[in-house]
Every structure is written in structure tokens, then in C-alpha cells.
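One structure is given here, and the rest of the page talks about it.
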Protein chains: 2
Amino acid sequence: MISMKELAQHCGVSVATVSKALNDQSDIGESTKIRVKQAAEKLGYFPNAAARSLKTNRSYNIGVLFVDEANSGLTHEYFAAVLEGFKVEAEKQGYDITFINGQIGKKKVSYYEHCKYRNVDGVVIACVKFDNPEVVELLNGDIPVVTIDHINENCSSVLSDNVKGIESLMEYVYEKGHRKIAYIHGQASTTVTKARLTSFYRFLESRELSVPDDYVLEADYLDVSQAMACTSELLDRKDPPTCILYPDDTALIGGLNEIRRRNLRVPDDISIAGYDGSRLSQILNPRLTTIRQATSAIGMQAAKKLISTIDKPKTTFTEQIIVEGELITGESVGNANIS
Amino acid sequence: MISMKELAQHCGVSVATVSKALNDQSDIGESTKIRVKQAAEKLGYFPNAAARSLKTNRSYNIGVLFVDEANSGLTHEYFAAVLEGFKVEAEKQGYDITFINGQIGKKKVSYYEHCKYRNVDGVVIACVKFDNPEVVELLNGDIPVVTIDHINENCSSVLSDNVKGIESLMEYVYEKGHRKIAYIHGQASTTVTKARLTSFYRFLESRELSVPDDYVLEADYLDVSQAMACTSELLDRKDPPTCILYPDDTALIGGLNEIRRRNLRVPDDISIAGYDGSRLSQILNPRLTTIRQATSAIGMQAAKKLISTIDKPKTTFTEQIIVEGELITGESVGNANIS
DNA sequence: ACATTTTTCGAAAACGATTAAGAAAGATAT
DNA sequence: ATATCTTTCTTAATCGTTTTCGAAAAATGT
């Protein structure tokens, strides 16, 4: 509210001196520095973000690009949790968060232009179609970027450890005696699904196992009815699986409903496992066996990496950061009666 | 990227003229206006937000204050959905969204100071403890504010119609023949709970009904185990209710688990109803009877109201906007065998 | 044709900060 | 004592806009 000029007058020095004092610059006397700082404290001075941003080209503002194709946006449980983790860490480091979109006033612009318009210091991208030309423009632009759950050459990314996730899930299921394991996976086009699927097959390979081709089905993430249909298909087989893995905890509900419709019990008649470790998974009965993704850790790592590349571009590596999840052994996977 | 100065040079006019042309000011010739506009289009000019904000004290930026006490933040399903609705409408009107927090750089400041620092044009407040001194400071400050699900004298607010919500839920349950209706409600201290509870009692009154005092219990919103305990208490009575209303769909799961633990069936043995109309409620089996709160409408109304008070403070009323929800008749409330 | 009004444009100040360059004062060296 | 170097501060330019005010040009009136 009080400007630097007023603060300077109050202290009987020039604005330049005030600026230097507040920013701990070198060419300033120790005594005046503390005098100015105390006055600033007393008068409740704080800088004007716009003026500073205009002059320094640093906004201490980070753009968030979250454009779910299903328009679920912030209601996407997983990404909302990641964003929350990101937000907490960024704010701790003095950065604010602004959503990036495709408009300036009433005019349509690209995401990149919007970033330039707001002069964000960096951008975190998640939950978008990465082949969108506007996203590509942003990835190849001159603004520091970190992506989440997607690998890109030009920038760092933070990834949930889907390989280890599926591996430990399979390990657990295998130890419970299951051999006839079906996997309903999400959209095959995504980085996430590719990792999980490869891990699935690699595990089978390592145990010299194999499953029928049509034990492996595709159903969109979070889509209950598709998961239900796939489950039905699996249960209709003459050799149905003893355990089914789902794309995520929500989609799993579709399977669970179908299972219950057939008067089968979980886990006595059939075992199921989800992915995500959502809130839902732990309040259901039976509690789900699932992989809890470390959402806040993912968000935090992304923020740390992004801010690091902003603050110290010369000494920050471009890298992929893998964040491990955690197996939650609920009650939805039982012992397989090995017959 | 290209500045006004360059654009002016390119057009052979002064920056003042460019500014006037782009902002559709009066003292500018029609022909030069379109010439400038076309050049701006061609060269991909867009304004610098910081410079504009500095000069005009308008940032076209709206602050969002979302400080859940449980630190669930963005993972709060209801408020995340409201925020998403808010975001969509605000962006449509050319405003961006920034989160408000308690820091500038590494220094702790109040929410109000943070708003001033970022020069936001307005603030939407939701999901906070409204008796927090910092929130009060913001409410009484000179920045336009809209609150969500909380009434305050100084500003407009948008409220979910909890009165009508409970009323239509009760109406439905009553028509199904239920008379022994228990209500597990959320924290009694909140505006939301007060409205619902009053509506509950008023409905009973209107039908000249009454229920035992301890049919009405308190359990925190979203708290599964508390809801479970309350449910257990209710079912242990010698005259248990035939229908139980829960604080929300999530808490209801606690009740559902307890009910199933006792080998009771929903809705045959007991009826239950939730609140929120969450995603969860419609994928469960049986589908829940619940009140869907019109989250995106609430967010949209809040954005419209806030932007209106920003743009036209003189002609915008301070008012409470009530947004109706919608009864979702699932399958969790059955006919009561009136004995 | 001259005065007056209206329209259209530009010069310059301002918003609140940062920063390069220079000036004044004090300290050190010769 | 003079020259040189440091330290500490100020002046002034700058970032990219908007906006006031005055000037020039065009339109209007008489």
C-alpha cells in the first residue's frame, strides 16, 4: 500500500537506496540498511508485484496447465492431489500459482502467449494431450517447463513409478497364489499405460507365466461402465481369471458392481485390485488392494525441480524424477485356491 | 513479445495512438484504428499484463482463497468442483485465477496484503474458517469479495440451497412411507449445517411428525468412521430408524459398511440417503439417493457476481444467491413397510 | 474568407520498482 | 599534500503501458 517512494521519504534517502537495502545489495551501508528495513517493517511496506515483474522479468508466478480432455479439470482426484502438493511447495518457496488458459481478455491466444502475457517464470503441465500443438509450442518454447507423468526431451518430468507399482501389485497377487490374472488397463496411448503394461508382461515373463491374450483389455481410466463391460466379458469365459487388475480404483467400482450382480463375493470368489489408492479405496468394504500413488510427493518434486530450473538454470539437470508409490494390501485380493 | 513501441514504429504512429486504437478509445480515427488493429493481429501483439496492471490498477486477475482446515485443499471434491465452475466462467470473461496465500517471497503476510501485492481485482473465498482474523480483514477490506456457502454482510455470497435440498430429500423419503427418519448431520457450527438442520425440523413440523432427540446426531463431514459409529448407535436402538440421512455421500459409506457388517440390506432392511451427488454416489451399487449440489453453477454464479461487482460496482447489488440442487432418486431408499 | 468547433494525433508524465553510472565523502597510498 | 581507491549514496534511465493535455488538421459556421 505504501510505495517505495514514500518509504524513501520517510527514511530520508532515495528510492534507489531503499531498493538496495531491501534486496540486500552490496553497495549500501550497514546502518542505513537496517534503518530502512526497520522502517519497511513498521510501515508495512511490501513490493508491488507488477512493477517488479515489469522491471525484472521475474514474476514469482508459476503457470499451471491442467486441461483435462474430459473437462473434469480440478475434479480429477489424482491430478488435484498432485496440484495441491505442487502448490504447497511452490508457495513455501515464495511462488504463486496461476492457471494458464487460452485467452487474453476476450481474445483467443495460445498457451504460450498466455504465459508470456502473464510473464510466468515457469509452467507445470499435467493432464493434457501432449500432442496438442499448443502444448508442443509451450514445450519447445523458452519458458522452463516440468511435465507430470509424461516424458519430453526438452524438459524435466516427474513420473509416478508405474513400473514398480504394477510390479509390486503383481508380486503380491502372485504370492497369494494367483496365476490367472487379467489386466484391464487404461488408454494404451498414454505414457502411463505403456509403462504399466510393459511391467505387467515383464512380470509374467519373469515367472515364466503367460495369460490368454484377451485377459488384457482396454477401458478408459475412470470409466465405470467400460470396466463393467470388460469384467463381464472376463467372467463369461469358460476359464475366467481368479484376479482382475483395474485401471484405477474408480473404474474398479464398475467391475465390483458386475461381480456383485452375479452374486460373486470379493475376495472369496474372485480377487480384484485397483490403482491410485484413492480415498474411496480405503473406505469401501472390502478395503481395496491398490497402489497408492504418492501424489503430494509428485507435486512437491515437480515444484522443486521447476523452481530449481528457474533459479539456477545453469546447474540444474534436465531429468526424469521417478516417485515410488506404495502397495496397499487391502482385503480385495484373497488366496487363490490353486486347483 | 513485440511491444507497443515496436508496433507503433511499424505503423508509423505513436504509442499513444496504438494504445487508443487497441482499447477502442474515442479520440482516434476510424481508419488508423483498423490499420493498427490489423498490424497488431499480424505481428501477434498482446499487451504486457504487468505494465498494464501497474498503470491501471487492474490486473484481470482474481484471487482464490481456499484454505481447508483439514488441509485437503484442492482434493476437497465439492469445493474443487465449485472452483472448476468458477474458473471456467472467470476465464470466459477474460480473468485469470491466482491462489492467495500467506507469503510474499519468504515473508509471512496477511491474505489481504497478499491480495494487494498481486493486485487482484477481486477475491472468492470458500472453505475457510470465516472467523479467522485474516479472513475478516479481507472481508472488511476494499477488495471486492464473494463468499461461497457463507453469509457475510459486506459482500455477496453464493449458497447452495440446503433448505430446499433437505426439504426435497425429506419429501421423497416421506412419500416412500418413512416416518422414523434419523439425521446424522455435519458440524453444527457451520452455516450449511444450520440451514439443513432447520429444514429437517421444519419438515417434520409441517407433517406433524417428531423423532426421538437422539435420532439426530453429529458427525464431521466426510468422516467415515464417525458416521459408522453413529450408524451403529442408531441400529442398536430398540426402535431403530427405517431411514438414515448422512452428512454427505462419503460419510455415508461408513454407515453403509456398518449396515452390511450387520448383514442388513439396503434398501430392503434399511434406507439411506446421502448429500452432494458426488461421482461416487452414482457408481455405487445401489446407486445412492442424494442431493446433487449444482457445483459448477455455484462456481459460475460466484464468478459472475464477483466480476460484476468489479466491473460495475455502482450498479451491482450485494446479495445472496441461492443455487438449487437436485434430488437424485437412486435406489438406496426403499418403501417403508408401515407397520 | 475567417473564426470556431470538432476530430485526430503526439509528446510527455506517470505507475513502482531495479540498476547502471556518476558524485561525494572517506580511507589509503605515495 | 596530492593522487588513487573504496564505500555509500543519488540521479536518471528503463520496463510497457495508459492518459492528460496541447497541437495540428479537418470540418463547420457565419
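Chain letters run A, B, ... following the sequence lines, proteins first, then strands; residues in each count from 1. Nothing here was measured: the structure is a model prediction, and the numbers come from that model.
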### Query
Between the side chains of Thr98(A) and Asn61(A), is a donor N or O closer than 3.5 angstrom to an acceptor N or O?
yes
### Task
Take the protein atom CG of Asn48(B) and the nucleotide atom P of dT17(D), then report the distance between them rounded to whole Å.
5 Å
### Task
Please report, rounded to the nearest Å, how far the C1' atom of dC15(D) is from the CG atom of Asn119(A).
11 Å
### Query
Counting only heavy atoms not in Lys5(A), do more than 12 sit closer than 6.0 Å to its NZ atom?
no
### Query
Can you tell which of dG10(C), dT10(D), dT18(C) lies closest to the side chain of Val13(A)?
dT10(D)
### Message
Using heavy-atom distances to pick each residue's nearest nucleotide on DNA chain C, tell me which of Ser26(B) and Thr56(B) is more 5'.
### Response
Ser26(B)
### Query
Is there a donor N/O on one and an acceptor N/O on the other, under 3.5 Å, for the side chain of Lys33(B) and the base of dT8(C)?
no
### Query
With distance as the sole criterion, do the side chain of Asn57(A) and the base of dC15(D) form a donor-acceptor contact below 3.5 Å?
no
### Query
For the side chain of Ser3(B), counting heavy atoms from C-beta on, which of dA21(C), dG16(D), dA17(C) is nearest?
dG16(D)
#### Entry: Among dT17(D), dT10(D), dT19(D), the nucleotide that comes nearest once only the side chain of Ala16(A) is considered
dT10(D)
### Query
With the threshold set at 4.0 Å, does a side-chain nitrogen-carboxylate oxygen contact exist between Lys92(B) and Glu89(B)?
yes
#### Entry: Nearest-nucleotide pick for Leu54(A), side chain only, options being dC15(C), dC15(D), dT10(D)
dC15(D)
### Query
When you check the phosphate oxygens OP1 and OP2 of dA17(C), does a side-chain N or O of Tyr45(A) lie under 4.0 Å from one of them?
yes
### Query
How are the rings of Phe130(A) and His150(A) set relative to one another: parallel (under 30°), tilted (30 to 60°) or perpendicular (over 60°)?
parallel
### Whole-Å distance separating the CD1 atom of Ile2(B) from the C1' atom of dC15(D)
16 Å
### Task
Let me know the distance between CZ of Arg52(B) and C1' of dA14(C), rounded to the nearest Å.
17 Å
### Query
Considering only dC9(D), dG10(C), dT17(D), which nucleotide approaches the side chain of Met4(B) most closely?
dT17(D)
### Query
Any donor-acceptor pair under 3.5 Å linking the side chain of Glu6(A) with the backbone of Ser3(A)?
yes
### Message
Given dA14(C), dT19(C), dT11(D), identify the nucleotide with an atom nearest to the side chain of Lys55(B).
### Response
dA14(C)
### Task
Using the closest heavy atom to pick a nucleotide of DNA chain C for each, name whichever of Val18(A) or Glu30(B) lands nearer the 5' end.
Glu30(B)
### Query
Quick one: is Gln25(B) getting a side-chain N or O under 4.0 Å of the dT18(D) phosphate, OP1 or OP2?
no
### Query
With respect to the side chain of Thr17(A), which nucleotide from dA17(C), dC15(C), dT10(D) is positioned closest?
dT10(D)
### Message
Below the 4.0 Å mark, does dC9(D) have OP1 or OP2 next to a side-chain nitrogen or oxygen of Thr32(A)?
### Response
yes
